[in-house]
Amino acid sequence: MEHIEVKRKKVDTPTVASLYFEWDARVLPGQFIMVWVPGLGEVPMSLSKTGKEKCITVKAYGESTGKLAKTEVGELITLRGPYGKPFKKSGGDILLIGGGSGMASLRPLINRRSTGIIASRTPEELLFSEEFNADKRIEVTEDGRKGIKGIVLDGMDMVNPEDFSMIYVCGPERMLKAVYDKIKDKNVNAQFSLERSMKCGIGLCDSCSVNGYQVCVDGPVFDMNQLRDMTEFGTSKLLASGKRVKI
Amino acid sequence: MISLTTNTGGLKLESPAILASGILDENGYTMKRILDEGAGAVVTKSIGTEERNGYFSPVVAPEGSYLINAMGLPNPGIDFFRDEINIALKSGKPIIGSIFASNTDDFLKLALKMQDYGVSAVELNLSCPHVQGFGSEVGSDPVLVKDIVKNLKGTLKIPVWSKLSPNVTSISEIARASSESDALVLINTVRAMAIDVESKRPVLTNVYGGLSGKAIKPVGLRCVYEARKECDIDIIGVGGIYNYRDALEYIMAGASAFQIGTALMEYGRKVFGDIAMDLESYLKKNNVANIKELVGVAVQ
Ligand SMILES: Cc1cc2nc3c(=O)[nH]c(=O)nc-3n(C[C@H](O)[C@H](O)[C@H](O)COP(=O)(O)O)c2cc1C
Ligand code: FES
C-alpha cells in the first residue's frame, strides 16, 4: 500500500473530480489501481493520466467514491497497483468511444489523430470532450441538450469505423456489447476495456471473471478475438455473493 | 512411463496439483478453464446454506511473499451453486465441493446437495479463521468434528475430506478426531492481521484475516508431517506451494496430493501445468516411476 499526496484537483463535471498526483510507478494507459478510502472500502480506478504526473478521475456514485471525490490538495490517497494489462498502442487515426466515466481510461490515448465519441446522459457529464480537436469531437447526450440526441451507437453513425487503424472502447458493459455487436462483422481492430466489480484486483477472488478470464489480470483490456468466445460478455455476471445474474 | 497419476482421498487424479478452495472457484466458467489448463481437480469456494456477500473491502492485504485475506465466506448459497457446478463439470475432471456450516445437520444437508450436483468428493471447511460461528470455531472442537465426519461418512456415497486449521494447540488431536475421513487437507490460513501506519487502522475491514502464501509453507509442512505420524490416512498438503520443490517437500512430508491458492497471484492459472511439468522432469531425472514412491519418504 502506498500513500501519495494529491498535488492538484479539478472538478470536471458536477459529479466528477480529477485528482492529480506524482507517483513514480510505471503505468500504461488502460491499467488501474485499487484506491482505499479508510472505513468505506476499496475502489478500482483506471488512471486518466499515465505520465510522470498521474491522475484518477472519480465519479461520486456511492459513499466511498463520494468521499474520494472530496479529497483535497495536500491530502493523501492510499493505493495499491498498478494492475492489469494496458491498451495496445496503435499509430494512425484512432477512434475513442467512451460512455459516462469510461472516457477517463481512454484519456491518455487522446492525441492529434484521435476522434472521440463522447456519450453521456446530460451535457454537464460529457467528460474530457474539450481535450479532442474541435473537428474530431462527436458529442452525444441522451437528453439531446448538446450534440447528437441519443446513445453511443447514434454517434457511431457519424463515422465509418473502417477508416480507423484502431478503435478503443470503454464504458458500461451493455454499451460495450452494443458497440461490439455493431462492428463485429466489419474489417476493424478494436480493444474494449471492461468494468466488472473487483474485490481483490490480483486474480484470486473470481468476482471479476468473464468465461474464466480475470478482468483484473488478463484484462481489463480485451480485443475482438478474445471477446468472440466470451459467452458471459454482456450477458451475465456474479453479484458480491457469487450469485449469477443477467446484465 | 513416468506418471503423476495419483490415488488420494478416494479419487483418482491425473495430476496431484489441485486448485485450493476460495481461489478462482466461484464462477463455473473459471473452474472449467483452470481444469482445462492443467489442474488435476478443483475445490470449489466454500458454500453454505444461505447467500452471503462476505465482508466489505478491503478483503485482501497483499505483500510480496504473502497475503492476508478476510473475504468473509461470500457464496450464493447451495441452491444457486448448482448451475456453476454444472458448467465446471463439462471439463470432465473431478470437482470437490467445499462446504461450511455450524452443525452436523447443515453439513449433511449441504453435502447431500453437492453429491446430487455431481461432485466427486466433499471437503469440509473446518478451518476458516475469520468468520464467527464457522470454520475453525467448529474445527477446533474434536467432539463436534468427530460427530460431523461420522454422520457424513455414514450417509454419503462420495468421499469426505476434512480441511483443518493450523490455529489449534494440537493438530494431532483434531487429525485423530477426523480420521474417519477419506483425506485430511492441511492447512487453511493462519489467523493474522495488518495495520496501516498512515491511517492508524487495521487494513482489513474485518480486522482479522488469514495468512497464506510463501510465508506459511513451513507451518503447513509441519502440520502435514505431524498428522502423517499420527494417523494412517491420505493427506493433501496446502499452504505456500509456488513451485515443484515446494510440492515435493509436502509429498516427502507425507502428502499424496497438494493444493495451490495464493501462488496464482504470482504465476496465474498456468502454475498447475508448470508444476506438473517440472515434477515430471524431476521424476525422470531421478529415475522415479511414480510420484507415489516419494510420499512420506522424509518422515522419521
Ligand atoms: C482469497 C482466499 C480465499 C479463501 N477462501 C477459502 C474458502 O472459502 N474455504 C477454504 O477452505 N479455504 C479458503 N482459503 C484458504 C486456501 O484454500 C488455502 O488453504 C490457503 O490459502 C493456503 O494455501 P496457499 O498458501 O496456497 O494459498 C482461502 C484463501 C485465500 C487466499
Ligand atoms: S478482482 Fe479478484 S479475481 Fe479479479
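All of these numbers come straight from a predicted model, not from anything done at the bench. Chain naming here is simple, since letters A, B, ... match the order of the sequence lines and numbering starts at 1 in each. In what follows, every heavy atom counts, from backbone to side chain, and hydrogens, waters and symmetry copies are set aside.
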Answer with side chain, backbone, both or neither: which region of Ser64(A) has an atom nearer than 4.5 Å to a non-hydrogen atom of chain B?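 Contact with chain B involves no heavy atom of Ser64(A) at all.
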Give, as side chain, backbone, both or neither, the part of Ile202(A) having an atom under 4.5 angstrom from any heavy atom of chain B.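 Looking at Ile202(A), backbone and side chain both touch chain B.
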How close do [X] and [Y] get, heavy atom to heavy atom, and via which atoms?
X	Y	result
Lys199(A)	Pro74(B)	NZ-CB, 3.6 Å
Glu51(B)	Ser241(A)	OE2-OG, 2.7 Å
Glu26(B)	Cys205(A)	OE1-O, 4.2 Å
Val203(B)	Trp36(A)	O-CZ2, 3.7 Å
Pro38(A)	Arg201(B)	CB-CD, 3.7 Å
Ser209(A)	Leu24(B)	OG-CD2, 4.4 Å

Give a yes or no on this: more than 12 heavy atoms of other residues, nucleotides or ligands lie within 6.0 Å of atom [atom1] of [X].
X	atom1	result
Glu137(B)	CD	yes
Glu63(A)	CD	no
Glu75(A)	CD	yes
Tyr213(A)	OH	no
Tyr267(B)	OH	yes
Arg228(A)	CZ	yes
Lys70(A)	NZ	no

Toward chain A, the part of [X] with a non-hydrogen atom under 4.5 Å:
X	result
Met71(B)	side chain
Glu84(B)	side chain
Asp25(B)	backbone
Ile87(B)	side chain
Pro62(B)	side chain
Phe80(B)	side chain

Within-4.5 Å side-chain heavy-atom neighbours: Leu76(A) and Glu198(B):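 Leu76(A) reaches Glu198(B) side chain to side chain.
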Does the side chain of Leu204(A) reach to within under 4.5 Å of the side chain of Leu67(B), using non-hydrogen atoms? yes
Most chain B-contacting option - heavy-atom pairs closer than 4.5 Å, from Met34(A), Met1(A), Arg80(A): Arg80(A)
State the CG-NZ distance between Asp83(B) and Lys243(A), to the nearest 0.5 angstrom.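 One gets 11.5 Å once the value is rounded to the nearest 0.5 Å.
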Using only non-hydrogen atoms and a strict under-4.5 angstrom cutoff, which residues of residues 2-13 of chain A touch chain B?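 Hits under 4.5 Å: His3(A).
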Asn27(B): which of Glu232(A), Gln214(A), Lys237(A) passes side-chain hydrogen bond (donor to acceptor under 3.5 Å, both in side chains):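 With Asn27(B) as partner, side-chain hydrogen bond (donor to acceptor under 3.5 Å, both in side chains) holds for just one option, Glu232(A).
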If the contact rule is any heavy atom under 4.5 Å from chain A, which residues of residues 110-125 of chain B qualify, in numerical order?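 Not one residue of residues 110-125 of chain B has a heavy atom under 4.5 Å from chain A.
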Does the pair Arg269(B)/Asp218(A) count as a salt bridge with the N-to-O cut at 4.0 Å?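 Result for this pair is yes, salt bridge flagged.
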Dump the intermediate steps for side-chain hydrogen bond (donor to acceptor under 3.5 Å, both in side chains) on Thr30(B) and Asp206(A), then the final yes or no. CA-CA 8 Å; Thr30(B) 313; Asp206(A) 213 16; 2.7 Å; yes
